[in-house]
Amino acid sequence: MSTRRAPVVAIDGPSGSGKSTLARGLATRLGFIHIDTGAMYRVVGLRAAEVGVGIRDDEALGRLCDRLAIRFDRRDGQVRVLEGGRDVTDDIRRPEVSRLASDVSTNPSVRRALVEMQRAMGCEGGVVLDGRDIGTVVFPDAEVKIYLDAEVDERARRRTAELAERGTPEDPRATLAAMIERDRQDSTRSEAPLRPAPDAVHFDSTRLDADTVLARAIELVRRFTDS
Ligand code: DC
């Protein structure tokens, strides 16, 4: 039995399934802290490329992680991602960083370092974490676990729209191909592959809007907090 005063909410699923939107919405509605763990792997990918550490150099990547100071900062109602005081929020969303993040995330030293940071950030509860291994590895004892999925064509369509909105449009076919490849790498790697926790509640957001997914998730959390 957990001794936390507020629950840990774990949201896992592939990219473009709506995890971040759901996690942000839940955190706002419940007054919880949102920890976007994908953003942390993105910071490692970005910094590795900038300082010239190879994406398969496990030891050097481990040392790089030990030097990172990642923080989520709320500014004007928006969450900014900071590394060592530098605002990397926009840089980590570039398409090439998506690939780098998936690449570096296959290294055991990177996973060990980031899992440790995530546990330290979330151990007291009152948090929503979204990622690929939250309910299986980071917080297997999370009070609420959601596995959010959607068909790959729909996820790629959302990512294409998001990139266009951000002013960095990409060819939709290239976005779909990159997503299929990233899904493959994230779910077949030997270290903490993407898969649902046995006790996760499954949502499919292909034909559900964000508000409906959020309402169902709030109901799940309330069921826990009211019991
Ligand atoms: O959720 P995202 O697209 O921002 O994540 C970027 C990459 O980071 C993703 O392709 C796999 C990796 N990742 C991971 O391995 N484990 C997590 N908990 C979160 C992300």
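Below, all heavy atoms of this structure are taken into account, side chains as well, without hydrogens, waters or symmetry copies. All ligand and atom numbering here is 1-based and tracks the order in the structure.
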Top protein contact for atom 4 (O) of ligand 1, by heavy-atom distance: R42 NE, 2.7 Å
Location of contacts on S105 toward ligand 1, heavy atoms closer than 4.0 Å: side chain
R80 with D73: basic N within carboxylate O range, under 4.0 Å: no
E219 and R216 ion-paired at < 4.0 Å: no
Per-residue contact class, R111 against ligand 1 - non-hydrogen pairs under 4.0 Å: side chain
Distance filter under 4.0 Å to Y41 heavy atoms, resulting ligand 1 atoms: 8 (O), 13 (N), 14 (C), 16 (N), 17 (C), 18 (N), 19 (C), 20 (C)
Ligand 1 N/O within reach of D130 N/O, cut-off under 3.5 Å: no
Interfacing atoms of ligand 1 (cut-off 4.0 Å, heavy-atom, D133): 16 (N), 17 (C), 18 (N)
D36-ligand 1 polar pair, N/O distance under 3.5 Å: no
Whether Q185 lies under 4.0 Å from ligand 1, heavy atom: no
Polar contact flag, side-chain donor to acceptor under 3.5 angstrom, T89-D87: yes
Contact atoms of ligand 1, heavy-atom distance to A101 under 4.0 Å: 6 (C), 7 (C)
Contact check: R182 vs ligand 1, nitrogen or oxygen atoms, below 3.5 angstrom: yes
Option set R189, R159, R132, criterion heavy-atom distance to atom 15 (O) of ligand 1, minimum: R189
Pairing of R158 and E162 as salt bridge, 4.0 angstrom limit: no
Under 3.5 Å: N/O of D186 near N/O of ligand 1: yes
Steps toward side chain to side chain donor-acceptor pair (under 3.5 Å) verdict (D133, T136): CA-CA 5 Å; D133 61 342; T136 51; 5.8 Å; no
Any side-chain donor near an acceptor of the partner, R56 and T106, under 3.5 Å: yes
Taking atom 19 (C) of ligand 1 as the reference point, the nearest protein heavy atom with its distance: T37 OG1, 3.4 Å
Electrostatic pair R47:E83 at N-O distance under 4.0 angstrom: yes
Distance-only donor-acceptor check, side chains S105 and R189, under 3.5 Å: yes
E96/R42 under salt bridge (Lys or Arg N to Asp or Glu O under 4.0 Å): CA gap, chis, key distance, verdict: CA-CA 10 Å; E96 70 273 20; R42 286 171 180 271; over 6 Å; no
